[in-house]
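Chain identifiers are assigned alphabetically (A, B, ...) following the order of the sequence lines, protein sequences preceding nucleic acid strands; residue numbering begins at 1 within each chain. This one's a predicted model, so the numbers in the text were calculated from it and none came from an experiment.
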Amino acid sequence: MHTLTIAWHTLLAFFPPDLSPSYLRYVWLPVAQTIGMASAGMVVALSLGIPLAIYVGTRAPGWQGIVGLLSALRAIPDLTLAILAVVIVGLGPAAGMAALAVFYTAMVGKVFAELFLAAPQAPLESLRATGAPRLAVALFGLIPLTLADLLTFGSYSFECAMRASVIVGAVGGGGIGTELVGAVNGLDYPRATTLIIILALLVASVDTLGWLIRKNPRIALVLFPVGVATMLLNPPQVFVVRHAFVTFAGMLPPLLNPKALAALPALLWETLEIAVGGTALALLLALPLALGAARNVVHTAITAAVRRVLDVARAVPEIVWALIFVVMAGIGPLAGALALGIHSAGVLGKLFAEAFENVDTAPVRALEATGAGRLPVVAFGIFPLAIGPIAVHTMFRLEWNVRAATVVGMIGAGGIGEALFNAQQHMHYQEMMAYIAATWLLVILADVVGERVRRRLGWNYVTT
Amino acid sequence: MLSVIDLTVRYPSQAAPALQGICLHVAGGERVAVVGPSGGGKTTLFRAVNGSVLVQSGYVALEGERVGEARGAKLRALRRRIAVIAQMHDLVDRLAVYQNVMAGALGRWSSLHALRFLLRPSGAELAEAKAALERVGIPEKLRSRTSDLSGGQRQRVAIARALVQRPTVLLADEPVASLDPARSEQILALLCDLARERGLALLCSLHQPELAMRYFDRIVGLRHGRVVFDRPAAKIEPEHLVFAS
Amino acid sequence: MPLPMISRRLLVEGAGAALVASMLPIAARAAGAAIRVGMIPDAGATQVSVDEKRPLREYLASKTGYDVNLVIPTNYNATVEALGNGSLDFAYLGGLTYVQAHARYGVIPLVQRSSDRRFHSLFITQSDSAVRTLADLRGKNFAFGDTNSTSGHLMPYYYMQKSGIDPERDVKYRFTGNHPATAKAVEAGIVDAGAIDESVFHAMVDGKQIDGSKVRVFYTTPPFVDYVWVARKDLDAQQRQALAQAFLALKDPRDKTLLDILRGKEFVRADDAEYDTLRGVARKLSML
């Protein structure tokens, strides 16, 4: 009872948000920095990720190797990359951009490659049959065939980049993240609420932008000037190659003392518990929410409202939810699982809703023609048709949450993240690298298991 | 022009071979229909001719060059001379009609040329696309979105793409499978006219024996991966066709 | 047919980007003209807290003749690394952070507040709590601040050990990340007790950020040496002197605004030898 009272009082402390003009004037610059960082990260990610994905998608020699490389790179959490980037590029948005660029190049490259590999084979086969070179097959076949999915995922990852810029900001990458973590740490909850509202608005705008881009892809070009301008305005503070090398060399080889080594399995297990618990909670919340957000299921007046709820859940990164839940529910894995659950519910809710909206209309219309009511149409038409994408998104989310569980651990939600963060704070870099390696292996393992399951569900690309 | 010599193809997942000891010759301008039940080996035969399936023994030769041995650029050069028209699922919906038509030229274009064409097609290229569409009877669809076309129109676009490829062999795999009878006859007439007019070796698989007898010079029956008959259309007896229906 | 347009514009954009990218080195040089001063986030790192320190920034700029960029990295480690890779020229560090940065990157101590030579940590609990001495902490929930904080972790930890309480076995402890969070956690009863920087605690009570009637100090540590302003190793000696002089010249009533921001009365020269005791403690607790 006492804990609940504290939780309630903590929640109240977040209201009302500080909306005074003087404060809004302060946050203008960090907000601009965040938009710029996310755009710049995406510009680099698209410029590098698409060529890599095309290489894989056309099954050019050694494509499996590139898939492996991208998976390996994607397995390093963004926060970890940001910590390394701060050491190498120096403090400020340049470090944030560098971390985002690497992380999203791997993510865009990998997912676009998988979409290309899963593209319908008949048109590609007929293009190859004309004797067309690979790049021409990509230009005339792969890209137009998968464009709808590319744009959906592209705008989704732009959203993710916007949130990730908050996370990288938390370790010195600049932008709204520095403000938000600073405000929560400084117990300035009303201002934290302001920043969370701004973040939710940003993500909602990106959502709208994504919708516009899917209707008219050339709108995506606005990313380029914004991203490039941010890169120019925030050059690396320093780029001391020697220092970067010496620091990095000092982190090798990864090393754990016997006591830490003995504690490692328990830490990994706790991290997994956070990931699985969070994903299960997210699935429970996301399915009903997604039905409420699908424009082909319920009236648009309802979807608009449900989508705003999803936006807020999604806009607030796991680490910020975790900051709030650690204050409200106390330190430990429960706060981590709650944080992952709420955030993932926002993500999955949106993706599920899109899966519902993207179902083949012919069978659904055929059902409706029988005079079936709303509920049977959903139960026998829309839901079964969308079950494949739902399974895939959930698996991907579980993989993602394994990584996220290591990140929320860094602010006291337990698991291996806490150990990693303390080692980093004490500059025990060899120990830190050992935890990073363990995290990395855990994420790779999740990736491999996820792929097996997806393959068994018949939702994997065809290998010829 | 096109020779298939003692061809055997076996898929790893299946016990029985998909094709066994097939021999077939098609001359330029000759129109050959392949009939038989589904699973009889028609599609595999077409894939083997196109060089996109691994051959266990025997070979396919195009004007004396063996298709199975070619790799990389050489295979691409050979494929360029074989145009394929599949059932209507092989067009890229999101592209404009003229872009799908000119995809037939990708085999002789460099990738840079392909990119340049997407950015800004030249007048000559548009004229070529238009000429091909005129030949198949739908010049007015030049700039339409491919997804807006009907089934018959899509098949005409696929044929126009084959024309742009300037092939010596035309492979049509069930080109009328999902069309109504009137449209089917129009498409087959068009294919046969083109073969005669341009001296192409036309190999076409069909479900309907009566259509095959009406339009083609020669008919080949394929069942369980073997050729069960191969004779001029005029000499086909009803008992030959029992298995096909 | 959306593709053709995209690709054409893409080429134009790409060419433009390449053009501006070639100007990047110039922009980088322009950014290098200011001296960059970092402060550890002992009370939150936000745009607001940077702006609250604007008089300090303007004062340092006028005294040294350089533009001054004031930066508050989000954690202690980031500040030390920034001194190592050269993205900060000067920084305000805690005692433990200083000995770490000195060992790693040879940073040079410049000045400190006179109070930093005799600094204390406070152990606080709720007013109505039964905790009266360090020994009463046995079995309780306890909060440290940041793991790299001298007054929020290292010294309280050390004095708990000295009085016979093993923090690893006898209490359930956790890190709140910073001093204000520790004060709040104790005030709200989330933990039974916590260790906090004395200057932050008094400032929070005076500023009514926590209710002074709800929280009680039950133990004060013996004095130890803490915060210090440092320069990175290879910084120009003249710049180093200029900054040190700017601090040493601060006089109490005249510069009250600035001294309040710095939470001090006067500045004195600092030297590395003062930190030998602290270094020993840090080593003993394997935090160095």
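When each of A:Ala129, A:Pro120, A:Ala136 is scored by its heavy-atom pairs under 4.5 Å with chain B, the top score falls to A:Ala129. Counting heavy-atom pairs closer than 4.5 Å to chain B, the top-ranked of the candidates A:Leu127, A:Leu135, A:Leu124 is A:Leu135.
Shortest non-hydrogen contact noted between B:Arg79 and A:Arg128 is NH1-O, 3.2 Å. In terms of heavy-atom proximity, B:Leu106 sits nearest to A:Ala132 at CB-CB, 3.3 Å. The shortest non-hydrogen separation linking B:Val92 to A:Gly141 is CG2-CA, 4.0 Å. Across all non-hydrogen atoms, the minimal contact from A:Phe140 to B:Leu95 is O-CD1, 3.2 Å.
Put simply, OG on A:Ser126 and CG on B:Asn100 are 8.0 Å apart, with the number rounded to the nearest 0.5 Å. Taking CZ of B:Arg166 as the start and OG1 of A:Thr130 as the end, the distance is 13.0 Å to the nearest 0.5 Å.
Of the two parts of B:Ala103, the backbone and the side chain both hold a non-hydrogen atom closer than 4.5 Å to a non-hydrogen atom of chain A. Contacts of B:Arg161 with chain A are made by side-chain atoms alone, with heavy-atom separations under 4.5 Å and no backbone atom involved. For chain B, the nearby parts of A:Leu145 are the backbone and the side chain; heavy atoms of each come within less than 4.5 Å. For A:Arg134, no part lies near chain B; criterion is any non-hydrogen pair under 4.5 Å.
Residues passing the salt bridge (Lys or Arg N to Asp or Glu O under 4.0 Å) test with B:Arg81, sequence neighbours excluded: B:Glu63, B:Glu65. Remark: B:Arg116 pairs with B:His113, B:Ser122, B:Glu125 by the side chain to side chain contact (heavy atoms under 4.5 Å, CB included) rule, at least two apart or across chains.
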